[in-house]
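These notes are about the structure you will find just below.
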Amino acid sequence: MTRSIYTMPITTDTSGKYPQRIPKYRNALFPTLGYSMFDYGNEPWCLIAIQDVPPATDAALTGNADVFELPANLDQTMGTTGVRNTVRTKLENVNIPGTWVQTTSTYREVVRFIGAVCQFAERYQGMIGNGFWFTGGVTLDSTFGSLPANVRQTIVDAAATFGFDTSGFTGASTLRAVIQSAGQQYVAAGLPLDLEGPL
Amino acid sequence: VSVLASDNFNRSGATLGANWTEYGTFSNAWNTDGANAVPDSFGADAYGAYTGVTFPNDQYSQVKVTITGTFGNGQGPGPAVRMGTATPENVYRLCVDHAASNNMELSKFVGGSFTSKWVRSQAFADGDTLYLEVQGTTLVAKLNGTAIGTSVTDSSLGSGRAGIGFSSGTTSSASLDDFEGGDFAGVFDPSSFPWADQLQPMPGLAVVGF
């Protein structure tokens, strides 16, 4: 089995018995392929590993501007400023901190970070009972202090369940800094990131 | 591994009876037909959380599954873990039918919001045992003791109960038998034994697993 890793939006399929959050292009482009997915909490976006993707399907997927494919060799670096900026933009456009990515960063570092922030967002979602971060004008540049009290507290509580240091989460911190810190602490702690195999 | 709960469903009634909390589209979500647990309606999702014991956060559920449906797309019965006991649903569930491809789906409900975690193709025979475990943030599914693909990480749900689930659809019959739920107590974790690397085998004996 070969694994191809992409980021893509999650769509809510309302054609069935209840709304189902599924990868946006599943039904149209890979209805019979196996996959595993990390959702970005309740945000409409995911990291997905698809099994044995035929070349035509891969081309169809990557032909969509909202799909980003990670290279097969995750240990290669960004290499150039242009590639680095593209990756930064891809992440920031879906409200995942991306400014930390450097030309010397590897795609494995990037994909692990994405997986880690997905885990943090999932924990937040589970604890708050289905909330969104990026609603009502909230962006990565919003300050932690500008968020509702229950959101701030749940973010801290979610971080605590993983054993993260939250002393740097101040009112002046941006949401970017908070999510980035959580993601980097998740990776540093060596916590699980299994998506059709370890990331 | 410790078995904390089991049920062979060898009784007849309009509910699962004692030790179970049922919920779903209908509050009495399950029947028993003398030998199996059967969804009250094949057109309605059904959950049964085993509430006769308290499950630790790391837990497993296994059950024998039978279904005629071939639709796929996450339909069918199966084991569930970290279940809540009421709607809106909180649960990890594994659902299967006999579709030619993508007949198995691991999904989650978080606060009633459904998300597909993985989809895989794995043939099975009616009466086979499906197993779902969660340890920490790692979910593992097995068919008759053999892993169904690789594990997957999810951090949404931290606690709950083991039990059974049914994802409704087009099937004309489905049933579950011989439920078992348990934990991983007694599983030796070398990392919790700080001097493990200092153990020396007794002459004539081998130390394995360190």
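In what follows, chains carry the letters A, B, and so on, assigned in the order in which the sequence lines appear, proteins first and then strands, with residues in each chain numbered from 1.
Ring-centre distance between B:W118 and A:Y35: not below the 6.0 Å cut-off. Annotation: A:F113 is in aromatic contact with A:W100 [ring centroid separation under 6.0 Å].
No side-chain donor-acceptor contact under 3.5 Å links A:N95 and A:W45. Checking A:T170 against A:S173 by side-chain atom types alone, a donor-acceptor pair falls below 3.5 Å.
Neither the backbone nor the side chain of A:N27 comes within less than 4.5 Å of any heavy atom in chain B. At a 4.5 Å heavy-atom cutoff, the contact between B:S168 and chain A is made by backbone and side-chain atoms alike. Contacts of A:F162 with chain B are made by side-chain atoms alone, with heavy-atom separations under 4.5 Å and no backbone atom involved. Within the 4.5 angstrom heavy-atom criterion, no atom of A:I48 approaches chain B. Proximity to chain A (any heavy atom under 4.5 Å) is shown, for B:N90, by neither the backbone nor the side chain. With a threshold of 4.5 angstrom between heavy atoms, B:T138 approaches chain A through side-chain atoms but not through N, CA, C or O. In this structure, chain A has heavy atoms under 4.5 Å from both the backbone and the side chain of B:S113. A:Y18 touches chain B through its side chain: at least one heavy atom from C-beta onward sits under 4.5 Å away, while N, CA, C and O do not. Residue A:P31 touches chain B through its backbone alone, counting heavy-atom pairs closer than 4.5 Å.
Between chain B and the residues A:M127, A:Q51, A:Q119, the most heavy-atom pairs under 4.5 angstrom are made by A:Q119. Of the listed residues B:N73, B:L157, B:T150, the one with more heavy-atom pairs under 4.5 angstrom with chain A than any other is B:T150. Counting heavy-atom pairs under 4.5 Å between each of B:T153, B:L139, B:D154, B:L106 and chain A puts B:T153 at the top. Counting heavy-atom pairs under 4.5 Å between each of A:T161, A:D39, A:I22 and chain B puts A:D39 at the top. With respect to chain A, the highest number of heavy-atom pairs below 4.5 Å among B:S116, B:S155, B:G111, B:G112 belongs to B:S155. Your options are A:G126, A:S36, A:P198, A:G34, and the one with the most heavy-atom pairs under 4.5 Å with chain B is A:S36.
Residues of residues 176-194 of chain A having a heavy atom under 4.5 Å from any heavy atom of chain B, listed by number: A:Y186, A:P192, A:L193, A:D194.
Taking the six-membered ring where the residue is Trp, B:Y50 and B:F55 present perpendicular rings, their angle passing 60° and hence far from 30°.
To the nearest 0.5 Å, the span separating CZ on A:F169 from CD1 on A:I155 amounts to 8.0 Å.
The pair B:D58-B:R82 counts as a salt bridge, with a side-chain nitrogen and a carboxylate oxygen less than 4.0 angstrom apart. Look at A:R26 and B:E105 and you find a salt bridge, because one of the NZ, NE, NH1 or NH2 atoms lies within 4.0 Å of a carboxylate O, short of that distance.
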Evaluation steps, salt bridge (charged side-chain N to carboxylate O under 4.0 Å, His left out), between A:K90 and A:E69:
CA-CA 11 Å; A:K90 293 280 187 184; A:E69 182 175 14; over 6 Å; no
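The minimum heavy-atom distance linking A:M8 with A:V67 is given by the pair CB-CG2, 4.0 Å. Of all heavy-atom pairs between B:G78 and B:V65, the closest is CA-CG1, 4.1 Å. The two atoms that bring B:P39 and B:N31 nearest to each other are O-ND2, 4.3 Å, heavy atoms only.
By the 6.0 Å contact criterion, NZ on B:K117 is enclosed, its count of non-hydrogen atoms from other residues, nucleotides or ligands being greater than 12.
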